[in-house]
> 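Here it is, the structure, as structure tokens.
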Amino acid sequence: MFPVSALDMGAAMKTLVLTLDLVGTFVFALSGATAGLRRQLDLFGVLVLSFVAATSGGIVRDLLIGATPPAAFTDWRYLGVSLLAGVAIFFWSPAVHRLRHPVLVFDGAGLALFCVAGAQKALVFGLEPVMAALLGMLTGIGGGVARDVLLSNVPAVFRSDIYAVAALAGATVVVLGDALGLPSTPTALAGAALCFGLRLAAIRYGWHLPTARAPEPAEADKDAGRDGR
Amino acid sequence: MFPVSALDMGAAMKTLVLTLDLVGTFVFALSGATAGLRRQLDLFGVLVLSFVAATSGGIVRDLLIGATPPAAFTDWRYLGVSLLAGVAIFFWSPAVHRLRHPVLVFDGAGLALFCVAGAQKALVFGLEPVMAALLGMLTGIGGGVARDVLLSNVPAVFRSDIYAVAALAGATVVVLGDALGLPSTPTALAGAALCFGLRLAAIRYGWHLPTARAPEPAEADKDAGRDGR
Amino acid sequence: MFPVSALDMGAAMKTLVLTLDLVGTFVFALSGATAGLRRQLDLFGVLVLSFVAATSGGIVRDLLIGATPPAAFTDWRYLGVSLLAGVAIFFWSPAVHRLRHPVLVFDGAGLALFCVAGAQKALVFGLEPVMAALLGMLTGIGGGVARDVLLSNVPAVFRSDIYAVAALAGATVVVLGDALGLPSTPTALAGAALCFGLRLAAIRYGWHLPTARAPEPAEADKDAGRDGR
């Protein structure tokens with residue numbers, strides 16, 4: 001969901017951004033459809049997961065800042081692109097599977113665009129800097145979280161390589177640029193580039209965030225009903 | 001949640017619609033309470049699931065179109081009917097269980113009314129046709145999805161017989177009628193009838209949507225941490 | 001999330017309430033971080049769960065009454081306190097674990113404050129009494145529900161000792177006081193005290209709500225695909 005109007009860009013730039021935004025939507029929809037297929041959902045379930053994975057981040061952001069109805073429900077292109085991705089996965093899954101590596105790259109590109117766009121839109125709606133960065137990150141990761149919750153999984157973003165942190169870094173660049181009065185197009189590009197670079201590097205070099213040693217399981221189980229509250 | 005005021009109907013019609021709407025709420029609440037009972041929730045949990053299953057579709061729709069607070073929080077009858085259904089299931093479960101077949105029929109009636117009402121309300125709030133149909137469907141299926149997510153199940157609507165598709169068909173009739181300038185009462189009735197008929201036929205004849213063959217499990221598991229993202 | 005401005009209180013009272021509110025946020029964040037740690041989330045996942053558990057109740061309430069953006073996204077202190085709690089759990093989990101008993105007490109205090117504050121804010125936004133009490137309860141329990149859904153658990157509040165009922169009782173006192181035209185500070189205190197007392201008594205004496213006998217499992221499984229809908 002890229003709020004094109006929020007950016008003071010020339011026409012060529014707008015076309016570029018819209019194209020990339022729809023590419024991001026498409027790729028996130030692919031990830032949702034793939035996840036749905038693996039859980040053997042029917043065609044409808046696969047299409048819903050495509051739409052959910054592609055648009056939930058932007059929808060939640062729009063609800064939180066009061067921008068209703070969300071862009072995903074006013075611009076039919078997001079729906080169209082999501083359904084296209086869902087149908088593609090449903091009928092040509094093996095072919096898409098061979099494109100696994102490009103999909104990861106596109107997914108990083110989608111993440112980069114969504115986090116930047118989310119932060120921009122939050123700033124336009126008057127949120128304070130720290131919260132705008134948070135909402136930018138949320139826009140980037142929200143689709144994946146919604147997809148995993150619907151499939152009854154713990155969201156992958158909570159325990160995998162640098163993903164949310166890359167989104168937060170990209171959104172932070174946008175917010176800093178805005179606070180310093182820099183022009184929005186270059187900062188948006190810089191933020192997207194930082195997020196994209198971090199994400200690709202994390203995939204290539206296997207970067208992870210630290211995980212803590214949990215309390216020993218027996219004790220944890222015993223207490224779960226009490227202070228797990 | 002039937003936005004009675006949105007429909008230009010006579011008083012008798014309004015009473016009929018409100019009655020049917022509350023019947024739909026009651027039946028969806030029964031389904032939520034039954035699901036909660038099977039997971040051995042306590043009385044409070046069963047009542048919450050009743051309310052959630054009966055009203056989530058309308059609540060999400062109202063949040064998305066910016067109609068806050070949602071009808072479920074301004075008209076106490078939805079709460080009252082939901083709690084009544086929850087208490088009935090909690091204390092007289094076996095008796096209700098014998099009514100399994102009527103419940104399925106009422107559930108279809110509830111779905112039919114909710115999808116039509118959801119599409120109507122979305123049109124009133126100025127959404128475009130395709131999105132209004134989508135929101136109509138969402139109003140119909142949202143309660144069941146929320147119920148299943150709270151119980152940590154993959155939503156049944158994602159892998160069962162024609163259910164969401166029936167809701168989408170009903171909502172589409174309303175949207176088409178609106179686009180063609182037809183009077184809203186007959187189109188609403190036609191949409192509800194189509195949804196109800198499709199749903200009953202799907203139950204009777206076991207109609208299903210196709211499911212695709214998933215990639216073989218071993219491979220899927222191996223990759224899950226990566227491109228399942 | 002305590003809408004301080006909504007209460008006609010003196011400055012000392014305001015400071016007290018804000019302090020207690022942030023204590024509540026901190027303790028709910030501790031519970032989220034602890035739950036995340038046990039599922040071996042990475043640092044980011046633990047911090048997200050801290051923020052979610054501490055703020056979801058207030059966020060959902062604000063979305064439902066149309067108060068966007070929610071307080072959790074406009075006052076940075078809620079974020080700061082949540083992250084502090086998450087970091088504390090992540091790095092000093094054993095030490096915090098020894099504080100298990102105080103944490104349960106603080107959690108009760110947080111619940112008491114949140115349910116009262118939620119009901120107050122709902123009244124300010126013009127909701128009817130019954131619904132305001134419901135939203136107060138939701139504000140109190142929402143964070144725990146969101147935490148459990150993200151971790152793919154059935155919400156603990158649905159099947160544990162008197163927790164939601166305590167929140168509902170506290171919120172009801174606020175609503176009754178408002179309906180009777182009583183001054184808001186004493187009723188808020190009375191509501192919080194009732195909720196806190198009920199909760200502590202439920203912990204100490206092991207009070208539970210009744211659970212019903214579910215239909216026998218074999219039958220339930222057989223039917224799950226049908227009337228579990």
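Letters A, B, ... mirror the listed sequences (proteins, then strands); counts begin at 1.
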> Using side-chain contact (heavy atoms from CB on, under 4.5 Å), reason through T74(C) and M131(A) one step at a time and then give a plain yes or no.
CA-CA 7 Å; T74(C) 51; M131(A) 295 307 169; over 6 Å; no

> Need one label for I141(A): side chain, backbone, both or neither, based on atoms under 4.5 Å from any heavy atom in chain C.
side chain

> Are any side-chain N or O atoms of S152(C) and backbone N or O atoms of V154(A), one a donor and one an acceptor, separated by less than 3.5 Å?
no

> Distance from F51(C) atom CZ to L134(A) atom CG, nearest 0.5 Å?
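Atom-to-atom, F51(C):CZ and L134(A):CG are 5.5 Å apart.
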
> Of all residues at least two apart in sequence or in a different chain, which pass the side chain to side chain contact (heavy atoms under 4.5 Å, CB included) check with V60(A)?
L64(A), L138(A)

> Give, as side chain, backbone, both or neither, the part of L150(C) having an atom under 4.5 angstrom from any heavy atom of chain A.
both

> Of the listed residues (P155(C), A67(C), P69(C), G143(C)), which shares the most heavy-atom pairs with chain A below a 4.5 Å separation?
P69(C)

> My understanding is that only residues two or more places apart in sequence, or in another chain, count here; which of them pass side chain to side chain contact (heavy atoms under 4.5 Å, CB included) with V87(C)?
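L47(C), F91(C).
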
> Rounded at 0.5 Å granularity, tell me how far CZ in F44(C) sits from CG in L168(A).
7.5 Å

> Heavy atoms only, distances under 4.5 angstrom: which of V130(A), V165(A), V149(A), L127(A) has the most pairs with chain C? Name it, please.
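Heavy-atom pairs under 4.5 Å are most numerous for L127(A).
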
